[in-house]
Amino acid sequence: MSIRFDSGKHVFLLETPSSTYVIRLYEGHVLHGGWFHRLPDWSGACVTPSCERPSFSPVPEEFEGKTYFSPDVMQQEFPVTGRGDFRVPAIEAVDASGVNGAEFRYVSHTIGKGKKPLPGLPATYADENEAETLELELADPCGPLRLTLSYTVWEGFDAICRHVRVKNTSESESVSLRSVMSASIDFPHYRFKMLQLSGAHVRERRMITRDLCPGMQAVESRRCMSSHQQNPFMALLETNATESTGEVFGFSLVYSGNFIARSEVDQFGTCRAQIGINPYNFSWKLEAGQEFCTPEAVLVRSEQGLGGMSRTYHELYRRHLCRGAWRDKVRPIVINNWEATYFDFNAKKLFALADTAASCGMELFVLDDGWFGHRNDDRSSLGDWFIFKDKLPEGLKQISDGIHERGMKFGLWFEPEMISPDSELFRAHPDWCLHAGERKPALGRHQLVLDMSRKDVVDYIEQAVSSIITESGLDYIKWDFNRCPSDVASASLPADRQMEVSHRFYLGLYDLLERLVAKFPQVLFESCSGGGGRFDPGMLHYMPQTWTSDNTDALSRISIQLGTGVVYPASAMSCHVSASPNHQIGRMTSLSMRGHVAMAGTFGYELDLNRLSAEEIAGIKSQVELYKQIRDVVQFGDLYRLETPLSSNRLEAASYGAWQYVSRDRKRSVVTVAWSYAEANAEYLLLKPQGLEADARYAIRCSPENNPPVPAGTCVSGGELMYCGLRIVNQAAYGGSLLFILEKV
Ligand code: DGJ
């Protein structure tokens with residue numbers, strides 16, 4: 001890792017273990033040089049974009065004795081609007097004169113060790129030995145704005161983290177920021193496929209690709225949340241890149257609100273890729289002397305295809321984005337009462353469930369929705385974070401103590417950013433919800449959204465959640481968010497700041513979360529938004545795991561989890577075994593398959609254990625035992641996707657998937673294959689594990705143990721496993737899935 005400035009060539013070289021990112025100064029303009037395989041140095045002589053073809057493109061200056069400079073044909077580092085670059089700009093700002101435009105020139109730079117936090121925003125973190133940061137200062141000679149472009153390179157990661165700070169240096173006049181991206185890169189070609197993670201509630205994050213073509217291709221959220229529909233991420237895969245080979249660039253945004261990730265192909269076949277806050281319904285009044293900071297963009301370059309990119313994100317996010325006492329700890333096995341009881345529970349029922357869960361070896365009891373206010377269904381009580389006395393007359397402490405006595409940790413569900421019209425909180429503070437003037441705000445799941453841009457709201461939630469944590473001795477919190485905000489406006493802000501609310505909402509939420517995780521460092525927080533509606537890096541900074549999807553059907557989960565794993569580590573991905581037939585889609589699957597699929601992340605159960613047969617309980621006990629043996633490999637190992645739904649490129653589920661985790665010391669590995677349907681006389685499937693030591697020998701164990709495709713006691717070299725593969729057939733006897741444990745002997 002290093003950042004060098006070649007003052008002779010006016011070039012910055014940002015070096016990661018296997019790549020070089022080049023920034024070039026040209027007559028004060030800050031241009032992008034490219035992001036390549038690691039270079040000894042860079043002259044730019046062979047690829048410098050021509051300055052000589054500005055046909056129809058304006059030329060702001062003609063340099064004496066030099067060729068023309070048209071911004072429209074140059075690779076820009078942070079493109080502006082109004083000066084003749086007609087591709088999509090990275091910043092738009094309207095100054096006091098009403099003009100939308102700016103032009104920035106290099107002023108100075110600093111190169112320092114480590115990485116500073118971003119004010120009020122979640123971000124990756126590093127100490128002095130782990131990263132270096134370049135800050136480029138740019139100023140507009142004819143306007144009040146100054147930019148700081150920040151770049152962090154990492155020891156051991158092919159990643160660059162970027163953000164931008166915009167300062168209004170005027171002494172008296174404000175500027176209206178209309179759009180500011182976190183990162184922008186101009187590629188000299190568009191031979192890419194764009195990968196996105198798209199879907200819907202209970203059908204999240206399918207891997208979808210498209211060939212780039214001239215014009216704009218984008219994914220975005222306008223839902224005031226990162227959303228189930230699109231994830232704040234895109235990857236550009238060189239057209240011949242595969243899961244394990246070829247050049248891939250990832251763009252991920254550490255943010256939970258409206259975002260855009262876009263690739264624009266221009267007239268000359270260059271491609272501008274950007275990620276940042278969505279300009280939709282956004283503007284920011286930057287008063288004289290104030291600074292605006294964008295969320296962080298995490299850019300990854302891989303030469304080992306998509307899989308290489310994913311492994312970089314996983315390790316970077318696990319070690320440098322997630323925080324807290326649980327960051328490096330294996331996560332407890334959960335029993336959650338939601339799909340077991342829904343709202344219909346009392347202390348007796350909960351303890352009966354806890355007794356069976358404890359006898360099966362489960363470690364954390366989560367009491368889900370329905371314990372507060374007078375909540376018997378989803379029509380009331382959000383905001384009233386005090387115990388529902390009719391349901392739990394002895395209070396929460398009795399439940400918490402009872403669970404702890406059974407040897408398990410105790411956790412609770414909250415939905416703190418919401419408010420039910422039928423709640424004491426709403427009756428006391430009707431103006432605390434997001435709403436626009438006199439217009440009645442739209443309900444979603446019978447509830448309104450609290451105005452998180454208000455400090456009094458944030459203070460109230462902090463106090464309410466804190467007292468329950470303290471009084472009930474909570475070990476865990478599931479933090480839910482069950483509707484897309486609408487009527488995104490605030491009673492506490494003036495007219496010219498209403499378009500700031502969608503961003504201020506997240507600044508308020510992040511402030512609240514920062515206070516809570518600092519106060520309760522031992523509590524394990526799990527983010528949730530009707531499952532995966534806010535499965536994003538912003539939330540991961542405060543909560544090291546997320547409920548992946550409200551769809552707990554094992555087959556649906558194959559695509560959902562493989563897609564989620566494109567960016568997010570298994571330690572972040574919460575997965576439960578639920579009942580069959582499945583409650584969301586009615587499908588029946590074997591207990592064995594439900595277990596194998598849920599073992600791809602942090603593991604748990606959410607079904608009424610007391611309605612199962614003795615045989616099923618025995619099956620669950622062995623699953624719990626098996627998961628305890630493999631969870632460190634799954635949660636903290638390297639992921640290899642062996643078969644993915646990518647080739648089908650559809651929103652429908654894949655017919656099968658196979659994935660593998662390898663411990664970082666390569667001594668242990670877990671390989672899983674799961675089929676969507678059994679086939680008669682099926683074709684062979686050749687599974688080729690990866691990431692093993694070729695010369696080491698590995699003992700193979702198989703689950704289920706009866707009738708295994710590889711005889712018990714088999715021991716072969718890593719080379720044989722990786723190059724010859726495991727040949728298996730889709731058999732009903734396997735119950736729809738197989739899990740292999742490979743252990744170095
Ligand atoms: C949505 C969550 O994703 C579910 O797991 C459950 O907690 C419900 N909300 C409760 O209302």
Side-chain angles (χ1 to χ4, degrees), residues 199-205 223 225-229 256 334-345 349-350 353 364-385 388 391 410-420 422-423 443-450 465 468 474 476-485 524-536 539 543 545-554 556-557 560-561 564 568 572-579 582-585 594 598 601-608:
H201 178 225
V202 295
R203 191 163 46 76
E204 295 91 341
R205 290 176 295 284
R223 294 172 178 266
M225 55 192 283
S226 50
S227 88
H228 302 86
Q229 286 73 11
S256 313
V334 166
I335 173 71
N336 178 306
N337 77 309
W338 180 242
E339 289 195 28
T341 67
Y342 295 102
F343 292 103
D344 181 18
F345 59 82
K349 257 197 196 178
L350 296 179
L353 184 63
L364 164 63
F365 186 96
V366 178
L367 174 53
D368 211 282
D369 196 352
W371 58 267
F372 52 91
H374 58 279
R375 187 148 163 111
N376 271 323
D377 55 33
D378 57 11
R379 292 175 174 268
S380 81
S381 304
L382 294 171
D384 294 350
W385 301 113
F388 187 175
K391 223 188 233 185
F410 179 57
L412 265 192
W413 178 97
F414 285 88
E415 198 177 354
E417 299 149 82
M418 298 289 167
I419 181 166
S420 304
D422 177 9
S423 67
L443 291 169
R445 206 198 188 197
H446 317 290
Q447 64 203 48
L448 300 170
V449 185
L450 280 171
V465 174
I468 301 270
L474 296 190
Y476 162 104
I477 284 182
K478 178 175 174 187
W479 186 288
D480 211 341
F481 186 78
N482 278 307
R483 58 159 293 186
C484 304
L524 172 58
F525 284 86
E526 176 162 330
S527 169
C528 174
S529 172
R534 270 198 322 209
F535 206 133
D536 60 63
M539 296 306 286
M543 310 194 181
Q545 58 190 60
T546 298
W547 177 228
T548 310
S549 174
D550 272 353
N551 187 341
T552 54
D553 166 59
S556 311
R557 278 290 187 123
I560 294 171
Q561 293 174 189
T564 304
Y568 306 101
M573 200 165 70
S574 181
C575 312
H576 294 172
V577 172
S578 63
N582 174 267
H583 289 191
Q584 291 80 43
I585 64 171
R594 280 175 276 151
T602 64
F603 186 61
Y605 291 82
E606 86 170 75
L607 72 171
D608 189 350

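For clarity, every value in this text was computed on a predicted model and none was experimentally measured. We count residues from 1, following the sequence as given. Counting starts at 1 for both ligands and their atoms, in listed order.
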**Side-chain touch W371/K391, heavy atoms, less than 4.5 angstrom** = no

**Prompt:** Of the listed options (D369, V202, N551), which comes nearest to atom 11 (O) of ligand 1 when hydrogens are ignored and any heavy atom counts?
**Reply:** D369

**Contact atoms of ligand 1, heavy-atom distance to W413 under 4.0 Å** = 7 (O), 10 (C), 11 (O)

**Item:** Distance-only N or O hit between ligand 1 and D368, under 3.5 Å
**Value:** yes

**Request:** Would you kindly specify which portion of D480 sits under 4.0 Å from ligand 1, judged on non-hydrogen atoms: side chain, backbone, both or neither?
**Result:** side chain

**Prompt:** Is there a nitrogen or oxygen of E606 sitting under 3.5 Å from a nitrogen or oxygen of ligand 1?
**Reply:** no

**Prompt:** Could a heavy atom of H201 be found less than 4.0 Å from some atom of ligand 1?
**Reply:** no

**Asked** For E415 and N482, does a side-chain donor sit closer than 3.5 Å to a side-chain acceptor?
**Response** yes

**Complete:** Test side chain to side chain contact (heavy atoms under 4.5 Å, CB included), reference S549, set D553, T552, T546, N551, output is N551

**Item:** G531 N/O to ligand 1 N/O under 3.5 Å
**Value:** yes

**Asked** How many angstroms lie between CE in M225 and OG in S529, if you round to the nearest 0.5 Å?
**Response** 3.0 Å

**Prompt:** In chain order, what residues pass the ring pair (Phe, Tyr, Trp, His ring centres under 6.0 Å) check against F365, with sequence neighbours excluded?
**Reply:** none

**Request:** For the residue pair W413 and F372, categorise the inter-ring angle as parallel (less than 30°), tilted (30 to 60°) or perpendicular (more than 60°).
**Result:** parallel

**Complete:** Going by the 4.0 angstrom heavy-atom rule, the piece of N336 near ligand 1 is neither

**Item:** No-hydrogen, no-angle side-chain donor-acceptor test under 3.5 Å, H374 and D422
**Value:** yes

**Message:** So if I count the atoms of ligand 1 from 1 in the order they appear, which ones are less than 4.0 Å from some heavy atom of N482?
**Reply:** 1 (C), 9 (N)

**Item:** Min side-chain heavy-atom separation L474-F414 under 4.5 Å
**Value:** yes

**Asked** In ligand 1, which numbered atoms sit nearer than 4.0 Å to a non-hydrogen atom of C528?
**Response** 2 (C), 3 (O)

**Prompt:** Does V366 offer a backbone N or O that forms a donor-acceptor pair with the side chain of K478 under 3.5 Å?
**Reply:** no

**Location of contacts on R375 toward ligand 1, heavy atoms closer than 4.0 Å** = neither

**Item:** K478 contact mode with ligand 1 (heavy-atom cut-off under 4.0 Å)
**Value:** side chain

**Message:** Suppose I only count heavy atoms of G530 and a 4.0 Å limit; which atoms of ligand 1 are within that range?
**Reply:** 1 (C), 3 (O)

